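Inspection log for the structure reproduced underneath, given as structure tokens.
Just so you know, these numbers come straight off a predicted model, no measurement behind them. Whatever order the structure lists them in is the order used to number ligands and atoms, beginning at 1.
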Amino acid sequence: MTYPKAVTLVEVGPRDGLQNEKTPLSTEIKLAFIDQLADAGLKVIEATAFVSPKWVPQMADHSAIMQGLNKRPGVRYPVLVPNMQGYEAARAAGAEEIAVFAAASEAFSQKNINCTIAESLARFAPVIEAARRDGVAVRGYVSCVLGCPYQGDVPLDDVARVAKALFDMGCYEISLGDTIGVGTPVKARAMIAAVVAAGVPVDKLAAHFHDTYGMALANLYAVLELGVATIDCSAAGLGGCPYAKGASGNVATEDVVYLLNGLGIDSGVDLDKLASAGRFINAQLGKTAASKVAAALAAQLA
Ligand code: HMG
Ligand code: MG
């Protein structure tokens, strides 16, 4: 089997992880978490979301986060943006890279961003255009690529259509989200193959797998074999979407790094420093490790 020699990890813990946590965290704690992640070697850290604070109060301090970042050379800090209002606020706060987010399921699109898929794409068009003018890179997410909490099965054609639309609109990378973590390896591979067949090259794809049923690592292993070389993950396995009830966290970054190390794939991340960042945020949240790798590393320290 062939795998990519190196993989880019997109750490989404400070955004996807913390957007769903009930325990309120101060901006200072979030900033310390982000800095520890950078210290562990993560080069792309999704820092926050410029969404409505009425919808996601956990991200209400987005501007303070962007203004308080200890930006390190060579580290990118993208932020989620749902519309022009979010784009303008993100830019005013100093964001240099953004991510827009659509869904492959109509029902999820309505619940998550209060509009149809077509309306969301129309809403993103001027955002992407403004970003292009401003020299701001735009990533595109597609949610519910392996199942929807409202609709159930999601046809692969719908996933491929939305992914291709975002790619054609100018997104430099398409992150494919198993939002509720229901995928299994053969389905994950078929989904990636469908998106590639629709015209999005595999090196422009990222896997964003939640781990609700414990399948995320197996799914990642399956899509690594297809050449996917960008993986979204969340330190300590934090995460979930407030509009996808029952969905648990993203695949834990600790688990992914352990897997990649075992496969001889370079991620540039120091597992011990990463695990320490995970323990820090878990302690702030009063949680124990959701990641088996993190728990095993913690046990060695005890
Ligand atoms: P809406 O209510 O339809 O928006 O929400 P609206 O345009 O009608 O405006 C209503 C109010 O919201 C107004 O305020 C606007 O100013 C305000 P009011 O006059 O009532 O005081 N507003 C905003 N405020 C701050 N920032 C903004 C903004 N836009 C409008 N950008 C909206 C539409 C998209 C804003 C809303 O539905 C929303 O914020 N949704 C975000 C939901 C979210 O963040 N979900 C989690 C992230 S997605 C995810 O987790 C999946 C992913 O991880 C991939 C995967 O796992 O699959 C990415
Ligand atoms: Mg997610």
Polar-atom distance check: Asp178 versus ligand 1, any N or O pair below 3.5 Å?
no
Give a yes or no on whether atom 13 (C) of ligand 1 lies under 4.0 Å from any heavy atom of the protein.
no
Determine, for Asp255 against Lys292, whether the closest basic-nitrogen to carboxylate-oxygen distance falls under 4.0 angstrom.
no
Does Lys111 count as lying over the ring of Tyr150, i.e. NZ or CZ under 6.0 Å from the six-ring centre, within 45 degrees of the axis?
yes
Considering only non-hydrogen protein atoms, determine which one is nearest to atom 23 (C) of ligand 1 and report residue, atom name and distance to 0.1 Å.
Gln85 NE2, 3.3 Å
I'd like to know if the Mg ion (ligand 2) has an N/O/S atom from Asp16 within less than 2.8 Å of it, counting both backbone and side-chain atoms.
yes
So which protein heavy atom does atom 33 (C) of ligand 1 come closest to, and at what separation?
Ile113 O, 3.8 Å
Carboxylate-amine/guanidinium contact Lys164 Asp168, below 4.0 Å
yes
Does a side-chain N-to-carboxylate-O contact under 4.0 Å join Lys43 and Glu11?
no
Where does Asn83 meet ligand 1, judged by heavy-atom distances below 4.0 Å: at the side chain, the backbone, both, or neither?
side chain
By atom name, which N, O or S atom belonging to His208 lies closest to the Mg ion (ligand 2)?
NE2
Nearest heavy-atom neighbours spanning Ala236 and Ala290:
O-CB, 3.5 Å
Do NZ/NE/NH1/NH2 and the carboxylate oxygens of Arg91 and Asp134 come within less than 4.0 Å?
yes
Can you tell me if Pro53 has a non-hydrogen atom under 4.0 Å from ligand 1?
yes
Output yes when the distance from some N or O of ligand 1 to some N or O of His62 is under 3.5 Å, and no in every other case.
no
Under a 4.0 angstrom heavy-atom cut-off, which atoms of ligand 1 come close to Leu80?
47 (C)
At what distance is the nearest protein heavy atom to atom 1 (P) of ligand 1, and which residue and atom is it?
Asn114 ND2, 3.8 Å
Is the closest N or O pair between Arg15 and ligand 1 shorter than 3.5 Å?
yes
Is the shortest side-chain N to carboxylate O distance from Arg189 to Glu225 below 4.0 Å?
yes
Under 4.0 Å from atom 7 (O) of ligand 1, is there any protein heavy atom?
no
May I ask whether atom 44 (O) of ligand 1 is less than 4.0 Å from at least one protein heavy atom?
yes
Just need the protein heavy atom nearest to atom 48 (S) of ligand 1, so name the residue and atom and give the distance.
Asn112 ND2, 3.4 Å
Heavy atom of protein closer than 4.0 angstrom to atom 50 (O) of ligand 1:
yes
Looking only at heavy atoms, what is the nearest atom pair of Val154 and Ser105, with distance?
CG2-CB, 4.2 Å
No-hydrogen, no-angle side-chain donor-acceptor test under 3.5 Å, Tyr172 and Glu97:
yes
Any salt bridge between Lys204 and Glu173, counting N to O under 4.0 Å?
no
For the Mg ion (ligand 2), find the closest N/O/S atom belonging to His210 and write down its atom name.
NE2
Mind checking side-chain hydrogen bond (donor to acceptor under 3.5 Å, both in side chains) for Glu88 and listing every partner two or more places apart, or none if nothing turns up?
none
Given Ala89, Ala104, Ser52, which has its nearest heavy atom closest to atom 25 (C) of ligand 1?
Ser52
If you apply the rule side-chain contact (heavy atoms from CB on, under 4.5 Å), what do you find for Val195 with Val142, and how did you get there?
CA-CA 11 Å; Val195 175; Val142 185; over 6 Å; no
Mutual orientation of the aromatic rings belonging to His62 and Phe50 [parallel < 30°, tilted 30-60°, perpendicular > 60°]:
parallel
Going by heavy atoms in the side chains, are Pro242 and Asn20 under 4.5 Å from each other?
yes
Polar contact flag for Arg123 and ligand 1 (N/O pairs, less than 3.5 Å):
no
Would you check the N or O atoms of Cys144, main chain and side chain alike, for any that come under 3.5 Å of an N or O of ligand 1?
no
Tell me: protein heavy atom nearest atom 5 (O) of ligand 1, and distance?
Trp55 NE1, 3.5 Å
For Tyr213, is the OH atom crowded, meaning more than 12 foreign heavy atoms sit under 6.0 Å from it?
no
Under 4.0 Å between a Lys/Arg side-chain N and an Asp/Glu carboxylate O for Asp232 and Arg139?
yes
Which atoms of ligand 1 sit under 4.0 Å from any heavy atom of His208?
53 (O), 54 (C), 55 (C), 56 (O)
Report the nearest protein non-hydrogen atom to atom 46 (C) of ligand 1: residue, atom name, distance rounded to 0.1 Å.
Gln19 OE1, 3.4 Å
Could you check whether any heavy atom of Met59 sits closer than 4.0 Å to an atom of ligand 1, since that is the contact criterion I want to use?
no
Heteroatom distance test (Ser143, ligand 1): nitrogen or oxygen, under 3.5 angstrom
yes
Ligand 1 versus Val51, non-hydrogen atoms closer than 4.0 Å: side chain, backbone, both, neither?
both
May I ask whether atom 40 (N) of ligand 1 is less than 4.0 Å from at least one protein heavy atom?
yes
Is atom 29 (N) of ligand 1 near the protein, in the sense that some protein heavy atom lies at less than 4.0 Å from it?
yes
With backbone taken as N, CA, C and O and side chain as the heavy atoms from C-beta onward, which portion of Thr179 lies under 4.0 Å from ligand 1: side chain, backbone, both, or neither?
both
